[in-house]
Amino acid sequence: ILDYSLAAAARSATLTIADSAGPVGRTLKGPGSAGVVHRVVWDLRHTPPPATGPEPDYNLQALPRAPHPTAPQGPFVSPGTYRVTLTAGGATARGTVVVKPEPEMPVTLAQYRAREAFLLDLLDVQRKSAALVQRAQGPLRGPARRVEMRAYGLASAFNGRGAVQGTLYPPTAAQRRELAALKQQLAGLEANP
């Protein structure tokens, strides 16, 4: 939970979260009104991949709407210290947030980082395959869509989806092979005009 208060009103506030290496993990927007405490919730995740289409249209008369988003989610960040930069109306403030490991998980910091690196690599495949599906035409569209769906399926095993919980464990050898195969297939599809 990130709380802030502005001395002067601004159109909006932007909170940028980065790790010690510098890459931005997430950018969040918040209100810009002055004189009140605002609260923005960071879900400890990187920016999610593009949505691959509308959320399923279930019979809402029979089932209640899910109380949480069911769209694809970005991967969790690894435990560590993150810089938060608040920008609003030309003013900037900085602070830090410490993300601690799950105490009940038998996962080392190196395994958390390996998981995050794997998922950021997979996130790149998700973004590229979604973009390829958007611009692909003819016989290229079907294979591009299959790569996209496999990438999103692999990511959901880690990040969760809908009511299905993800996992904080590092990727298995089989999951690493699947990612390598997806990257190879994507590279082949991108090489086609």
Side-chain angles (χ1 to χ4, degrees), residues 11-30 40-58 65-66 68-78 82-85 87 99 112-193:
R11 282 192 167 155
S12 67
T14 302
L15 294 114
T16 305
I17 302 161
D19 65 13
S20 59
V24 173
R26 193 73 181 265
T27 300
L28 304 168
K29 297 284 186 186
V40 175
V41 177
W42 175 37
D43 58 4
L44 304 180
R45 293 178 181 270
H46 287 272
T47 302
T52 58
E55 292 190 37
D57 184 21
Y58 300 112
R65 185 175 295 275
H68 50 78
T70 58
Q73 301 180 64
F76 280 113
V77 298
S78 294
Y82 292 82
R83 292 185 321 271
V84 179
T85 304
T87 307
V99 175
Y112 274 112
R113 289 185 177 147
R115 177 190 183 279
E116 183 180 18
F118 172 87
L119 289 173
L120 289 175
D121 209 13
L122 179 55
L123 183 59
D124 185 54
V125 172
Q126 288 177 276
R127 289 179 178 145
K128 287 179 179 177
S129 63
L132 183 60
V133 167
Q134 290 299 315
R135 68 177 186 270
Q137 296 184 7
L140 185 61
R141 188 168 176 80
R145 182 76 172 139
R146 283 189 289 281
V147 168
E148 177 190 42
M149 296 311 298
R150 285 176 52 204
Y152 277 75
L154 181 57
S156 70
F158 289 93
N159 301 327
R161 174 94 191 233
V164 178
Q165 195 73 1
T167 180
L168 294 175
Y169 285 102
T172 64
Q175 290 165 327
R176 290 182 185 280
R177 286 191 301 272
E178 174 71 1
L179 176 57
L182 288 170
K183 288 170 71 174
Q184 184 177 19
Q185 290 174 1
L186 181 61
L189 292 170
E190 289 178 324
N192 286 328

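Predicted, not measured: the structure shown is a model, and the values here were computed from it.
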Of all the heavy-atom pairs spanning [X] and [Y], show the shortest one and how long it is.
{"X": "V147", "Y": "L182", "result": "O-CD2, 3.9 Å"}
{"X": "A151", "Y": "V125", "result": "CB-CG1, 3.9 Å"}
{"X": "P48", "Y": "L123", "result": "C-CD1, 4.3 Å"}
{"X": "L186", "Y": "L132", "result": "CD1-CD2, 3.9 Å"}

| Salt bridge or not for R113 and E116, using N-O below 4.0 Å? |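 No, R113 and E116 are not salt-bridged.
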
| query | Does the pair D124/K183 count as a salt bridge with the N-to-O cut at 4.0 Å? | reply |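 Salt bridge absent between D124 and K183.
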
| said: Any donor-acceptor pair under 3.5 Å linking the side-chain atoms of R146 with those of Q185? | reply: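 No pair is found: no donor N or O on one side chain lies under 3.5 Å from an acceptor on the other.
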
Separation of [Y] [atom2] from [X] [atom1] (nearest 0.5 Å):
{"X": "L120", "Y": "T47", "atom1": "CG", "atom2": "OG1", "result": "10.0 Å"}
{"X": "R150", "Y": "L122", "atom1": "CZ", "atom2": "CG", "result": "11.0 Å"}
{"X": "H46", "Y": "N159", "atom1": "NE2", "atom2": "CG", "result": "10.0 Å"}

| said: Show me the pairs that pass ring pair (Phe, Tyr, Trp, His ring centres under 6.0 Å) and involve residues 161-183, at least two apart or across chains. | reply: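 Every pair satisfying ring pair (Phe, Tyr, Trp, His ring centres under 6.0 Å) with a residue in residues 161-183: there are none.
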
| Results of ring pair (Phe, Tyr, Trp, His ring centres under 6.0 Å) for F158 - residues two or more places apart only |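 Partners of F158 under the ring pair (Phe, Tyr, Trp, His ring centres under 6.0 Å) test: F118.
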
| said: Assess the residue pair R45 and V77 against the criterion (side chain to side chain contact (heavy atoms under 4.5 Å, CB included)); give the C-alpha distance rounded to whole Å, side-chain angles, the decisive distance to 0.1 Å, and a yes or no. | reply: CA-CA 6 Å; R45 293 178 181 270; V77 298; over 6 Å; no

| request: With sequence neighbours excluded, tell me which residues meet side-chain contact (heavy atoms from CB on, under 4.5 Å) with S156. | output: R161

| query | Would you say R26's side chain and T16's backbone share a donor-acceptor pair under 3.5 angstrom? | reply |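 No; judged by distance alone, with no hydrogens or angles, the pair does not exist.
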
| query | Looking only at atom types and distance, does a side-chain atom of R115 sit under 3.5 Å from a main-chain N or O of T167, one as donor and one as acceptor? | reply | yes

| field | Minimum side-chain heavy-atom gap R83-I17 below 4.5 Å | value |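 No - every pair of side-chain heavy atoms lies 4.5 Å or more apart.
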
